[in-house]
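For ligands, and for the atoms within them, numbers begin at 1 and follow the listed sequence. Below, all heavy atoms of this structure are taken into account, side chains as well, without hydrogens, waters or symmetry copies. This one's a predicted model, so the numbers in the text were calculated from it and none came from an experiment.
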Amino acid sequence: MRSSTFCRLASGIVGISCLSNLALAASTSDWKSRTVYQTMTDRFSRTDGSTTFPCNTTEGLYCGGTWQGTIDKLDYIQGMGFDAIMISPIIENVEGHVKYGEAYHGYWPLDLYSLNSHFGTEQDLLDLSKEVHDRGMYLMMDTVINNMAYMTNGSYPGTNIDYSVFTPFDNSKYFHPYCLISDWNNFTDAQLCQTGDNYTALPDLFTEHTDVQSLLINWTTTTMAKYSIDGLRIDAAKSVTPSFLRKYNDDLGVFMTGEVMQQEISTICDYQRDYIGSLPNYPIYYSMLKAFTLGNTTDLANSVDLMKAACPDITALVSFSENHDVERFPSFVDDISLAKNVLTFTLLYDGVPFIYQGQEQHFKGANTPANRQALWLSGYKTDAELYSLITKLNKIRKQAVRLDSSYVDQQTTNIYLGGSELGFSKGVEGKQTIMLLSTQGTNSQPYDVILQGTYNAGMAVTEVIYCSNYTVDAYGSLRVGMESGLPRVFFPTRLMEGSGLCGYSSANLTYAELRTGQSGSQQKSLGVGSNQLREQTIAFALLLALISLIVV
Ligand SMILES: *[C@@H]1O[C@H](CO)[C@@H](O)[C@H](O)[C@H]1NC(C)=O
Ligand SMILES: *[C@@H]1O[C@H](CO)[C@@H](O)[C@H](O)[C@H]1NC(C)=O
Ligand SMILES: *[C@@H]1O[C@H](CO)[C@@H](O)[C@H](O)[C@H]1NC(C)=O
Ligand SMILES: *[C@@H]1O[C@H](CO)[C@@H](O)[C@H](O)[C@H]1NC(C)=O
Ligand SMILES: *[C@@H]1O[C@H](CO)[C@@H](O)[C@H](O)[C@H]1NC(C)=O
Ligand SMILES: *[C@@H]1O[C@H](CO)[C@@H](O)[C@H](O)[C@H]1NC(C)=O
Ligand SMILES: *[C@@H]1O[C@H](CO)[C@@H](O)[C@H](O)[C@H]1NC(C)=O
Ligand SMILES: *[C@@H]1O[C@H](CO)[C@@H](O)[C@H](O)[C@H]1NC(C)=O
């Protein structure tokens with residue numbers, strides 16, 4: 001359901017006018033067919049286009065990335081096939097620095113009603129939004145609703161915070177009393193206390209308070225409308241009062257994915273069931289690490305099965321293998337083949353894939369802040385090996401969606417578990433993608449794996465990364481040549497036309513066009529029409545309900 005539906009229905013039926021032209025934010029189902037490139041605005045691209053401007057991650061200072069710089073590098077993002085981007089929190093942050101730096105990341109809010117001027121002006125952000133949407137892409141905003149920030153610079157936060165500096169939460173009554181989180185495994189503690197320290201306090205918003213709730217919801221609605229934001233990442237969702245998280249999720253009615261950095265499957269699935277529609281898939285992330293750094297294939301295969309059983313909708317979670325809070329994969333094992341397997345799984349497994357800036361350039365930074373290198377120092381190489389792999393994976397995912405819009409709702413199944421290989425299938429029989437991954441790394445010698453339960457006997461299939469042809473034998477098995485620990489991805493050869501891969505033409509459709517299975521220009525007009533139709537249908541149903549109430 002889109003955020004403004006109710007407003008427009010209300011104005012349609014009752015004739016009242018709504019306050020503002022609220023944005024048509026995208027639904028979960030809209031987001032499922034997309035893939036997202038996560039930028040960190042300060043570290044992504046500068047207005048001057050510099051590829052040499054120094055940026056020392058250890059110092060933690062602003063390095064000069066801007067919204068205008070982001071606009072200038074949308075070709076780079078779209079060139080990989082992404083059709084959504086996420087940007088850092090946009091609001092004004094605390095100025096000044098403490099021993100570990102400044103608010104370059106955007107997670108130290110000061111004033112909800114002003115923008116972070118380091119990133120640009122209101123017009124710059126409007127321009128970014130317009131440019132993103134003109135390209136048929138979605139815009140996701142990273143969002144802090146758990147806390148504000150206050151620099152105490154060495155002194156104890158309990159007695160040294162001046163609450164009057166915050167907008168709009170200019171009084172201690174809007175905050176939980178000061179306490180430091182002592183036990184992260186105690187969720188109550190994590191929700192009532194603060195994540196900050198004696199240098200930067202993160203005063204914890206009293207989100208049980210109805211004034212705090214309506215101010216946050218109002219701010220979000222207004223901001224999403226003004227900048228046409230299509231979805232949200234909720235920072236520190238684990239620290240937000242759960243009942244408010246649910247209210248926020250339900251009242252806004254837009255796609256939002258909430259950060260709960262927990263390994264337990266039950267925690268993540270319970271959150272999805274009870275509080276928020278989507279979360280980054282941390283359990284699978286940790287299992288993926290076990291597979292590709294320790295060679296434990298069983299754990300990942302098990303997690304894939306267990307999550308299907310435990311989560312209400314695993315295909316609405318966010319699939320990722322790097323982000324600004326975790327060590328980059330190559331910091332664990334610097335092996336290009338393993339990095340390729342990890343990317344393949346991230347993009348072709350269930351959920352909305354997020355790729356964090358720099359992963360395509362094989363950046364190696366470990367813990368925060370080392371994982372926040374300025375992307376411009378890579379020179380934005382579009383011939384980088386992983387850039388090219390991501391491009392191919394986005395193409396095959398898009399092709400699978402184009403041919404079957406239910407593809408993204410299908411859950412991944414395990415089809416092969418070896419001592420160092422994992423095979424997965426996604427999609428309906430005859431149109432599925434199949435990946436065969438290896439945990440052996442670059443030094444692996446050539447050998448064959450025989451897959452059962454793939455496609456029908458005799459079918460011609462294409463390995464889409466290296467463009468070789470295979471045939472399923474008369475007994476239904478597929479003999480796959482493995483080499484140098486590289487991943488293999490299969491798709492039926494007869495369905496390759498339109499994929500833009502291996503010499504086949506490209507259908508050039510946007511994901512929006514793909515979703516109803518219509519072709520190009522025809523669908524462009526239908527897109528809006530079908531939405532209106534849906535709203536009219538809902539309006540009619542509501543009207544009937546209203547009438548029946550009156551009659552009774
Ligand atoms: C980055 O800053 C740290 C702390 O000031 C310093 O120790 C380090 O040498 C700097 N690194 C580079 C590459 O300049
Ligand atoms: C914190 O203290 C350091 C060292 O005295 C100083 O350089 C810095 O400007 C102070 N920051 C703030 C926000 O007062
Ligand atoms: C913060 O300050 C308080 C009060 O001075 C002190 O007890 C505590 O140990 C400090 N915390 C850290 C992490 O230094
Ligand atoms: C968890 O944290 C809350 C709030 O800090 C505290 O009252 C409670 O005793 C803690 N529970 C346990 C089991 O430690
Ligand atoms: C939202 O906030 C704006 C600006 O503060 C205010 O004008 C408006 O009335 C608020 N809307 C609601 C629905 O609270
Ligand atoms: C793999 O991980 C699982 C836990 O999920 C563990 O039980 C098993 O012993 C591990 N296998 C190896 C070979 O380390
Ligand atoms: C794979 O099969 C397709 C379709 O039959 C053919 O056009 C293509 O040349 C083959 N590619 C290779 C590398 O043999
Ligand atoms: C898709 O776009 C490419 C590059 O712009 C073009 O060469 C190709 O002909 C287009 N394919 C179709 C089917 O329109």
Any protein heavy atom at under 4.0 Å, with [atom] as the reference point?
atom	answer
atom 11 (N) of ligand 4	yes
atom 7 (O) of ligand 4	no
atom 14 (O) of ligand 3	yes

Beyond-backbone contact of Asp111 with Ile91, side-chain heavy atoms, under 4.5 angstrom: no

Ligand-residue contact atoms, ligand 3 with Tyr156, heavy atoms, under 4.0 Å: 2 (O), 3 (C), 4 (C)

Please identify which atoms of ligand 3 are closer than 4.0 Å to at least one heavy atom of Asn198. 1 (C), 2 (O), 3 (C), 8 (C), 10 (C), 11 (N), 12 (C), 14 (O)

Can you tell me which residue among Asn249, Thr220, Thr223, Ile145 is in a side-chain contact (heavy atoms from CB on, under 4.5 Å) with Leu232? Thr220

Arg34 charged N/C atom sitting above Phe82 aromatic ring, 6.0 Å / 45°: no

Mind checking whether Thr58 has an N or O less than 3.5 Å away from an N or O of ligand 1? no

Does the ring centre of Phe175 sit less than 6.0 Å away from the ring centre of Tyr163? yes

Strictly under 6.0 Å, is that where the ring centroids of Tyr387 and Tyr76 end up? yes

What's the shortest distance from atom 3 (C) of ligand 1 to any protein heavy atom, and which residue and atom give it? Asn56 ND2, 3.6 Å

Ranked by distance from atom 5 (O) of ligand 1, the top protein heavy atom is Glu59 OE2, 3.3 Å

For Phe332 and Phe292, run ring-ring contact (aromatic ring centres under 6.0 Å, His included): C-alpha distance rounded to whole Å, both residues' side-chain angles, the deciding distance at 0.1 Å, then the answer. CA-CA 9 Å; Phe332 297 114; Phe292 297 105; over 10 Å; no

If you take the nearest heavy atom of each of Thr188, Asn186, Asp189, Asp183, which one is closest to atom 1 (C) of ligand 4? Asn186

Ring-plane angle category for His176 and Phe206, please: parallel below 30°, perpendicular beyond 60°, tilted otherwise. tilted

